[in-house]
Structure formats: structure tokens, C-alpha cells
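Just the heavy atoms: all of them, side chains too, but no hydrogens, waters or symmetry mates, feed the values below. Numbering starts at 1 and runs along the sequence shown.
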Amino acid sequence: MLPAQLGRAPRHLLVCERSHARHPRSRHAAHVRDHAYSCRVSFLIPECGVLPEVVKSTIADIGDYYLVRSLPVHELVTHEFIDAFVKKGSCYALSYKTKIDQDNTAALLPNGKLILSVDKGTYEELGLQGRPSRYSGKKVMRYIITIDLTDAGFQPESKKHNRVLWALKEKKPLEFDFLLAWYNTGAEGSTLMSYFSKNQIQALKPKITFSTLRDLQCPVLQSNDLQGKPEESCSTEELFEWLGAVLNQVSLDNKSSSFLSTYCCPEPNTVVEKAFLCTITGFIIPEKIIQLLEQLCSYFSEPKLAYWLTLTVHGFADSPVSWRESEHGFHKGGENLYNFVIFRNLDYWLQMAVGAHDDCPP
């Protein structure tokens, strides 16, 4: 028999809500904006063999992102950087290949807040005000420091600015490899590539893969019924589990000879001749995901065989935050993801999932 702590499934949380994409109070775009750091975006369209050109062009325009090697954190709090990027658009930065439960990590949110998740020793050396991590246990070993770069008191040569700059530049210099992206609406000025030209900076393109799934078993869904009904429709939880299997290419055959999986599609279900699957991997900002979401909603503006489609977005497992400024921890998997199920009538389900060390999604 397994010990209790090994036999028990890890806690996770799945929050679901239902609305209509064209309802004036729909918050679908706000939920996307609230989730700043995404590493993988996938969409699945049943009964689709060829992708519409407008969706193809949206994918092609998903945008470059940048990897800057050995970037000192203090360079993100200079007023040259703040004026050029933070105040002129949405700037995203995330420390690269740092482990949230072992290493110091950093993230710059588009609202101008710099989040540092640091170990106890680093926190004491920095001397900046912070708070204990919610997931430290009884003995606090990790702290969260939040620096608002747009705060009125964070002016050049102000006491607050000088204190932060001194702490990060001289008292306890921190540097990371950073993923960076910037979104602006026509503002003129510097680009990340030119601004960091003296650093080791590399422009990267998201990896995009397309595939057609043949004879795919799909759950039967009713847009007005999240819970599902026996022999009529499947629930949102059943859909979420099925979609995880499809995106991870798990067989749904439930064959006795399979040593990998005995999972099968929930009932009731239907077999579609073909389904289109696209996966985008990289550092993908919310503004581009919103554009893709809008194009997928417009997919149903002309008659289609599909009754629904899905858009799934995975967050970085080691990001210091998940939604908004909610602290994120790894625990056993670092899950933080959301999924839209968009129906032909533009009703949608929004499913948001996190693991053990996370606040409830908004």
C-alpha cells in the first residue's frame, strides 16, 4: 500500500463560467489579459480540413519575442527603460529557465509592476520591503517583492527610486536570462532589439505546428449545460479531461493491449471525419491571444459543420504569478492554464485550472 501522501492525488482547481462572446458584460478578453505569461496556445476545430485565410494571417502575425542573456534586473528599473517601454505600451519580461521553488525569479507585468520571488538570503541582502511567500510553510524561506515602476513616488532621483536601484545594482546584484516582449499601439520610439543592442539579445519566432486528426471521437456538448446530462451531453469537466488527452496525443481507443492509457472519450460522443489542430509555442502575449480568439469567434459567421471549437492556453510552470498578481507556486506540476469552448451561437465556456500552490483564478 502506498503511503497516504503518495497515494493521494495532488490538489487542483478547475473554475468554469459561461457567457456569450458578444454580450456587453462578457469578460473573455479581460480574463486573457489577466494571464500575462503564456508558453503554449492550441486550438482545435472539429469538422475542419482547411483553415480560413484570416485565421492563418492572425497566426502568422503572432509576433516575435526576445531572449536577453545575463540582463541585470536594475536595468529594468532605470527611467530610460520605463519611459521607453513601460509607459508606452505593455511590456512583458520573465526570467528564463529559473525554477520557482528553487531559484530567484523575476517578472515584469504589463501594468508596470516588477515581481521578484527570492530566497530568504537574497531577501535579507536586498533589504527591500516584501512579504513572505504564501507557500513557504511554517519556516519562511521565500519572499515576494513587488516594485511599482509607475508609482508617483518612483520618480528619477527620488528616495524610493535611488533605494531600489542601489539595492539591485550594488547591494545584491541580480541578473537573469530574460524573455521579453513589448506591445504598443503605434507609439514611436525605441525597439527592444535596438535598446538592448549592447546586451546579448536574440529575436525568436514562436514555433507553429499544424495537424489534421482523422476519425476523432468528440464529446457531445450543449452550450447551456455545464453539468451535462446522461445520454444527452457531456459535462465541462469531461470535456476538459478529453481535451487534455487529445492535445497530448493520448490514444482514446481504450484497448486492452495498451500499457500507456485506458482512457476513452466520454459519452455521448460522435466521430468527426477530421479535426484541425494548431499549436503555437513560445512567449505569447495576451494581446495576440485576444486577436486569435476574436478570429475564432468569427469562424462561425458563416455556416459551419462544427458545433464548437476550443482555444487552450498554458502558462509558464515557473512564472512567479498566474492570473493578475496572484502568487504562483510549482508544487508538483506548476499548472496554470485556461480553455475556451466557443459554440456556434457564440456562447462560450471558460475553464481556468491551477495546481496546489495557486490562488483561485479570478
* Asked: So how far is it from Leu350 CG to Thr236 OG1, rounded to the nearest 0.5 Å?
  -> 9.0 Å

* To do: May I ask you to check whether Ser301 and Ser298 show a side-chain donor-acceptor distance below 3.5 Å?
  => no

* To do: Run the salt-bridge test on Lys99 and Asp103 with the 4.0 Å N-O cut-off and return the result as yes or no.
  => no

* Asked: Any salt bridge between Glu327 and Arg131, counting N to O under 4.0 Å?
  -> yes

* **Closest approach of Ile145 to Gln129 (non-hydrogen atoms, all atoms of both residues)** => CG2-O, 3.6 Å

* Asked: Between the side chains of Thr270 and Gln217, does any donor sit under 3.5 Å from an acceptor?
  -> no

* **Pairwise salt bridge (charged side-chain N to carboxylate O under 4.0 Å, His left out) hits with a residue in residues 342-351, at least two apart** => Arg18-Asp347

* Asked: Hey, does the Lys NZ or Arg CZ of Lys288 hover above the aromatic six-ring of Tyr183, less than 6.0 Å from the centre and inside 45° of the axis?
  -> no

* Any sub-3.5 Å donor-acceptor pair from Glu170's side-chain atoms to Ala167's backbone N or O? -> no

* With a 3.5 Å cut-off and no angle check, do the side chains of Asp148 and Thr150 form a donor-acceptor pair? -> yes

* Looking only at heavy atoms, what is the nearest atom pair of Leu311 and Asn339, with distance? -> O-OD1, 3.1 Å

* Output, in order, the C-alpha distance, side-chain angles, deciding distance and verdict of salt bridge (charged side-chain N to carboxylate O under 4.0 Å, His left out) for Asp151 and Lys160. => CA-CA 10 Å; Asp151 183 73; Lys160 181 183 288 187; 3.1 Å; yes

* **Test log, rule ring-ring contact (aromatic ring centres under 6.0 Å, His included), inputs Phe178 and Tyr96** => CA-CA 5 Å; Phe178 272 102; Tyr96 181 57; over 10 Å; no

* Would you say the side-chain atoms of Asn336 and Ser322 include a donor-acceptor pair closer than 3.5 Å? -> no

* **Exceeds 12 heavy-atom contacts within 6.0 angstrom, atom CD of Gln155** => yes

* Would the Tyr348 and His28 ring centres measure less than 6.0 Å apart? -> yes

* **side chain to side chain contact (heavy atoms under 4.5 Å, CB included) partner of Leu221, the single match among Ser235, Cys234, Pro268** => Cys234

* Asked: Out of curiosity, does Tyr143 fall in the hydrophobic cluster containing Val77 (side-chain heavy atoms, cut-off under 4.5 Å, transitive links)?
  -> yes

* To do: Compare every heavy atom of Ser42 with every heavy atom of Leu247, then report the nearest pair and how far apart it is.
  => CD2-CB, 4.0 Å

* Any sub-3.5 Å donor-acceptor pair from Tyr195's side-chain atoms to Phe81's backbone N or O? -> yes

* Any donor-acceptor pair under 3.5 Å from Lys171 side chain to Glu125 backbone -> yes

* Asked: How long is the gap from CG on Leu71 to CZ on Phe176, to the nearest 0.5 Å?
  -> 10.0 Å

* Is there a ring-ring contact (aromatic ring centres under 6.0 Å, His included) between Tyr37 and Phe316 once you walk through the steps? -> CA-CA 6 Å; Tyr37 305 112; Phe316 283 84; 7.2 Å; no

* Geometric class of the Phe340/Tyr338 ring pair [parallel <30°, tilted 30-60°, perpendicular >60°] -> perpendicular

* Which heavy atom in Ala317 sits nearest to a heavy atom in Ile100, and how many Å separate them? -> O-CG2, 4.3 Å

* Asked: Gln200 and Ser70: side-chain donor and acceptor closer than 3.5 Å?
  -> no

* **Backbone N/O of Gly334 and side chain of His328: donor-acceptor pair under 3.5 Å** => yes

* CD1/Ile280 to CZ/Phe210 distance, rounded to the nearest 0.5 angstrom? -> 7.5 Å

* Can Arg142 and Asp119 be counted as an ion pair, charged N to O under 4.0 angstrom? -> no

* Would Val246 and Val341 show up in the same hydrophobic cluster when neighbours are defined by side-chain heavy atoms closer than 4.5 Å? -> yes

* Asked: Cluster question for you: counting only ILVMFWY and a side-chain heavy-atom cut-off of under 4.5 Å, with indirect links fine, are Val50 and Val272 together?
  -> no

* Asked: Between atom CH2 of Trp308 and atom CZ of Phe300, what is the distance when rounded to the nearest 0.5 Å?
  -> 9.5 Å

* In terms of ring plane angle, is the pair His161 and His79 parallel, tilted or perpendicular, where the classes change at 30° and 60°? -> tilted

* Asked: Are the side chain of Glu241 and the backbone N or O of Glu238 linked by a donor-acceptor pair below 3.5 Å?
  -> no

* To do: Can you see which heavy atom on Asn345 is nearest to which on Ser223, and at what distance?
  => ND2-OG, 3.6 Å

* Evaluate the salt bridge (charged side-chain N to carboxylate O under 4.0 Å, His left out) criterion for residues Lys113 and Glu325: first the C-alpha distance (whole Å), next the side-chain angles of each, then the deciding distance (0.1 Å), finally the verdict. => CA-CA 9 Å; Lys113 291 189 178 178; Glu325 296 168 38; 3.2 Å; yes

* Hey, does the side chain of Ser133 reach the backbone of Tyr135 with a donor-acceptor pair shorter than 3.5 angstrom? -> yes

* Asked: Among side-chain atoms of Thr105 and Thr98, is any donor-acceptor pair under 3.5 angstrom?
  -> no

* Asked: What pair of heavy atoms forms the shortest contact from Trp349 to Gln222, and how long is it?
  -> CZ2-O, 3.2 Å

* **Distance (rounded to the nearest 0.5 Å) between Met193 CE and Asn199 CG** => 11.5 Å

* Is the shortest side-chain N to carboxylate O distance from Arg22 to Glu294 below 4.0 Å? -> yes

